[in-house]
Number of protein chains: 2
Amino acid sequence: MTEALHDEDGSRWAGRDAGQPERQQTVDARTISAAALKLFAERGYRATTMSDIGAAIGIRGPSLYRHVTSKQVLLGGIMVDTMRALIADQQAALDAGGDVPLQLRRIVEAHVRYHAAHREQAFVGNREIENLEQPYRDQVLRLRRTYERGLRTVIERGCAEGDFTVAEPRLASYAILDMGMGVSAWFRPDGPHGAERIAYAYADYAIRMLTGWSSSDGATTADA
Amino acid sequence: MTEALHDEDGSRWAGRDAGQPERQQTVDARTISAAALKLFAERGYRATTMSDIGAAIGIRGPSLYRHVTSKQVLLGGIMVDTMRALIADQQAALDAGGDVPLQLRRIVEAHVRYHAAHREQAFVGNREIENLEQPYRDQVLRLRRTYERGLRTVIERGCAEGDFTVAEPRLASYAILDMGMGVSAWFRPDGPHGAERIAYAYADYAIRMLTGWSSSDGATTADA
DNA sequence: GATCCGAGCTGACGACCATTAGCTTAGAAG
DNA sequence: CTTCTAAGCTAATGGTCGTCAGCTCGGATC
């Protein structure tokens, strides 16, 4: 691990002179969760110590326990909240009505927008599932299945009504969900594409892949 | 961590009676790497101990050091090999010639096929980048950029020659790569879709998203 | 001014882990 | 039979980490 340099900040009580992280205005569960999220996203859950999280908001590791019950609860809260937010956005997209292709566009835009605008939540939510312990893990997996079903159902409806032409709606739904999830891995707020542009472009991609003709040549290139 | 149950196997020298994992025929660097790959894929690098890896092939943790130099080198080897294999497959797809849409199909099929057929390698390769230390990390990131460039170049050529109609080739290349990478997260060899079918379907999706018309209604549903 | 309490802090405690050191054995080599 | 060595093993080393205990300070309350 070459990434050390935690600059522990030797100053104690009587000298709030310098020190990089500088205490937050208020230290509460929400502040801690935000700091934890950032660190989980950039180092991973297991590589992040309670001391790291404390340092990020200007207190020591053990002091965190005045506000949160454990590191695992911190992760669980982040992941459950993330799934709930995704599902709420998806539901809002569905509730907005319109024909099936429009609903699909709204769903995909919501999906991608979330993965860009809340890339840390989404990234942690996807990467740390096996570090989540049991009350949480099943809960998150359940929510995840609900979310997947939302998109798949729209695709299936589109196929039934003749708007879409895919042989395997489930496969197509995975493809669309996964390409959106990927955004959380590379998106940067100061990057060349804004979240809104990406969401729009990806919704286009999704509609295209569901509505195109059967592609060019029918032969697989199987040989490996 | 509820997933314990390592069944340490109390038998020592004089009794090769039972014991779950049963020693492999030969214990060499390749066997160890295979066991490590499996465990890294299902638990993550940091959650896997050298003792776990040893147990998987029927020896103790410290004995591994007769064959490999460190856990980190194990991870580095896996990830570098994975990127090299991906690049080799991609290059083979390009070398097969054909027009741009056919090349694209071959590239995407190779990409998806690898992520299905070698899901553990691909999964670890994507998930453990920040656990990779410095000689390896840069090497893998370099290889990854090379790989990305391969697909992007084909898309750009297709746009220039009028085969494809996407505004942002880079964005489209990310979408295609990410949807393929997602396969390594959910694919199961005994699942309902074979790797070959998935590769073919995904190549279709890719071609559709690059060649479709500009989608239905032009308005973004931006409002959040 | 005395008291109280929330919220820091330091210093354990107990567990785990990668890696090293040094012992031992089985089988090859002579 | 003796010797050597590859490849196991156990035990230790040095480190880290989550969490708990107990101390202390500053400000609010009376």
Side-chain angles (χ1 to χ4, degrees), chain A residues 1-6 8-16 19 21-32 35-36 39-40 43-76 128 131-133, chain B residues 1-6 8-16 19 21-32 35-36 39-40 43-76 128 131-133:
Chain A
M1 304 299 139
T2 344
E3 63 207 354
L5 299 186
H6 290 197
E8 269 300 348
D9 173 345
S11 68
R12 195 63 58 244
W13 291 100
R16 80 262 307 287
E22 196 54 62
R23 177 85 51 89
Q24 223 77 11
Q25 312 210 352
T26 56
V27 172
D28 60 356
R30 204 158 320 271
T31 319
I32 294 171
L39 289 165
F40 290 168
R43 306 183 189 178
Y45 174 73
R46 279 190 127 93
T48 301
T49 72
M50 291 303 272
S51 172
D52 291 337
I53 299 171
I57 60 173
I59 68 178
R60 305 282 159 156
S63 304
L64 292 169
Y65 288 85
R66 295 282 170 189
H67 308 279
V68 300
T69 56
S70 76
K71 192 187 174 191
Q72 180 64 209
V73 167
L74 229 28
L75 179 63
E128 307 292 357
N131 287 321
L132 205 52
E133 284 165 29
Chain B
M1 305 298 138
T2 343
E3 63 206 355
L5 300 184
H6 289 197
E8 268 302 347
D9 173 346
S11 70
R12 194 63 58 244
W13 292 99
R16 82 263 304 290
E22 195 52 61
R23 177 85 51 87
Q24 222 77 14
Q25 312 211 351
T26 56
V27 172
D28 60 354
R30 202 155 325 266
T31 318
I32 293 171
L39 290 166
F40 291 168
R43 307 183 187 178
Y45 175 74
R46 278 190 128 93
T48 300
T49 72
M50 290 303 272
S51 172
D52 291 337
I53 299 171
I57 59 172
I59 66 178
R60 307 281 160 160
S63 306
L64 292 169
Y65 289 85
R66 295 282 171 189
H67 308 279
V68 301
T69 56
S70 77
K71 192 186 173 190
Q72 181 64 209
V73 167
L74 229 27
L75 179 63
E128 307 292 357
N131 287 322
L132 206 52
E133 284 165 28

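All values derive from a computational prediction rather than experimental measurement. Below, read A as the first sequence line, B as the second, and so on, with proteins coming before strands; counting in each chain starts at 1.
- Look at CG on A:D28: it is 16 Å from P on C:dG6, rounded to the nearest Å.
- Looking at every heavy atom in both residues, A:G44 comes nearest to A:E128 through CA-OE2, 3.3 Å.
- Counting only heavy atoms from C-beta outward, the side chains of B:R43 and B:D52 approach each other to under 4.5 Å.
- Between A:L74 and A:I53 the shortest side-chain heavy-atom distance falls below 4.5 Å.
- In terms of the side-chain contact (heavy atoms from CB on, under 4.5 Å) criterion, residue partners of B:T69 (sequence neighbours excluded) are, by chain and number, B:V73.
- Between B:R46 and A:Y45 the shortest side-chain heavy-atom distance does not fall below 4.5 Å.
- Here C:dA7 presents its C1' atom at 11 Å from CD1 of A:I32, a figure rounded to the nearest Å.
- For D:dA6, the OP1/OP2 oxygens have no side-chain nitrogen or oxygen of B:H67 closer than 4.0 Å.
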Footprint string (nucleotides 13-19 of chain D, 5' to 3'): B base within contact, S backbone only, - free, heavy atoms under 4.0 Å: ----SSB
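- Taking atom CZ of residue A:R66 and atom P of nucleotide D:dC20, one finds them 12 Å apart after rounding to whole Å.
- For B:S63, a side-chain nitrogen or oxygen approaches OP1 or OP2 of D:dC9 to under 4.0 Å.
- The phosphate of C:dT10 has OP1 or OP2 within less than 4.0 Å of a side-chain N or O from A:R60.
- Atom C1' of nucleotide C:dC9 and atom CD1 of A:I59 are separated by 10 Å, given to the nearest angstrom.
- Evaluation of the side-chain contact (heavy atoms from CB on, under 4.5 Å) rule for B:S63 yields B:I59, B:R60 as partners, not counting sequence neighbours.
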